[in-house]
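Values below: every heavy atom of this structure, side chains too, minus hydrogens, waters and symmetry copies.
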Amino acid sequence: MELDVSLGFVHPATAFPFEAAVTLPPQNLGGETVAFDGVTLQGVYQVAGDVVVLEGRLATVAHAACARCAAPAQAVVETAFRETFRKDANETQDESFRYEGKSVPLDQMALTLVLLNLPMRFSCARPDCRPAAELTAWDEDGKTWSEAGAEATYRPFEGLDAMMQENGKERPT
């Protein structure tokens, strides 16, 4: 989707309102597929020289599998943005998007904003959500971490703490 910003070149430094809808394809993120409803963008744009600035709000809903039970889950993604487009932008090095002519491409900007604002884990938020057998973590005694209603806790440095104690080193505070 391209946003026509030609009015901004005729009237520089003037804010013009815009609304746009972008369709994002499903994304594979760490082996999980995340799909998106239509992305809506609303805001204003201004042109100054060869620089176009878009400022506004983005909204969509992301769909993926629940991290606990693998049931369908969704997350609302809403964020404010202020993004710069330049004709000479190097997108891999600059914090600007590149454009040509009198229109700016919105697809890459929308995808970037959505991905940066996704939750770390999707949760179905159902009260009866229980981990699927394939997703259950086991401890040394063969009991599940969530057994007996105990809250599941992930402690990534627990093994390091045990190694330090075995070597006679004091635990840092």
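- For residues 42-67, the side chain to side chain donor-acceptor pair (under 3.5 Å) pairs, not counting sequence neighbours, are D37-H63, E55-R82.
- You'll find the side chain of V44 stays beyond 4.5 Å of the side chain of F16, heavy atoms only.
- Within the 3.5 Å criterion, the main-chain N or O of K87 finds a donor-acceptor partner in the side chain of R98.
- Checked by atom type and distance alone, the side chain of Q108 never pairs as donor or acceptor with a backbone atom of L106 at under 3.5 Å.
- Listed by chain and number, the residues in a side-chain hydrogen bond (donor to acceptor under 3.5 Å, both in side chains) with D107 amount to none (sequence neighbours excluded).
- Put simply, the side chain of R68 reaches to within 4.5 Å of the side chain of R121, judged on heavy atoms.
- Following chains of ILVMFWY side-chain contacts shorter than 4.5 Å, one can reach F18 starting from F9, so the two form part of one hydrophobic cluster.
- Note on L3: it does not cluster hydrophobically with V53, by side-chain heavy-atom contacts below 4.5 Å among ILVMFWY residues.
- Note: the hydrophobic cluster containing L113 does not contain V61 (ILVMFWY, side chain heavy atoms under 4.5 Å, direct or indirect links).
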Please report the C-alpha distance between V47 and T14 in whole Å, then the side-chain angles of each, then the deciding distance to 0.1 Å, and finally whether the side-chain contact (heavy atoms from CB on, under 4.5 Å) criterion is met. CA-CA 7 Å; V47 177; T14 304; over 6 Å; no
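- L41 and L7 fall within a single hydrophobic cluster, where Ile, Leu, Val, Met, Phe, Trp and Tyr are joined by side-chain heavy atoms under 4.5 Å apart, directly or via other members.
- Scanning both residues, A71 and R126, for their nearest heavy atoms gives CB-NH1, 3.4 Å.
- For the pair L58/M109, no side-chain contact is recorded, criterion being any heavy-atom separation below 4.5 Å from C-beta on.
- Taken together through direct or relayed side-chain contacts under 4.5 Å among Ile, Leu, Val, Met, Phe, Trp and Tyr, F97 and V51 form parts of separate hydrophobic clusters.
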Derivation of the side-chain contact (heavy atoms from CB on, under 4.5 Å) call for V22 and T40: CA-CA 6 Å; V22 176; T40 58; over 6 Å; no
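- Note that the CG atom of N90 and the CD atom of E95 stand 12.5 Å from one another [nearest 0.5 Å].
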side-chain contact (heavy atoms from CB on, under 4.5 Å) between V114 and F36, worked out: CA-CA 9 Å; V114 167; F36 308 98; 3.4 Å; yes
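- In plain terms, the two heavy atoms of A65 and A70 that are nearest each other are CB-O, 3.9 Å.
- Between V104 and L54 there is a side-chain heavy-atom pair separated by less than 4.5 Å.
- Contacts of P12 classified as side chain to side chain contact (heavy atoms under 4.5 Å, CB included), with partners at least two apart in sequence or in another chain: none.
- Residues C69 and C124 come closest through the heavy atom pair SG-SG, 3.7 Å.
- Atom CD of E100 is separated from atom CD of E2 by 9.0 Å, given to the nearest 0.5 angstrom.
- The nearest pair of heavy atoms linking F85 to P105 is CE2-O, 3.3 Å.
- Side-chain contact between V77 and V39 is absent, with no heavy atoms from C-beta onward closer than 4.5 Å.
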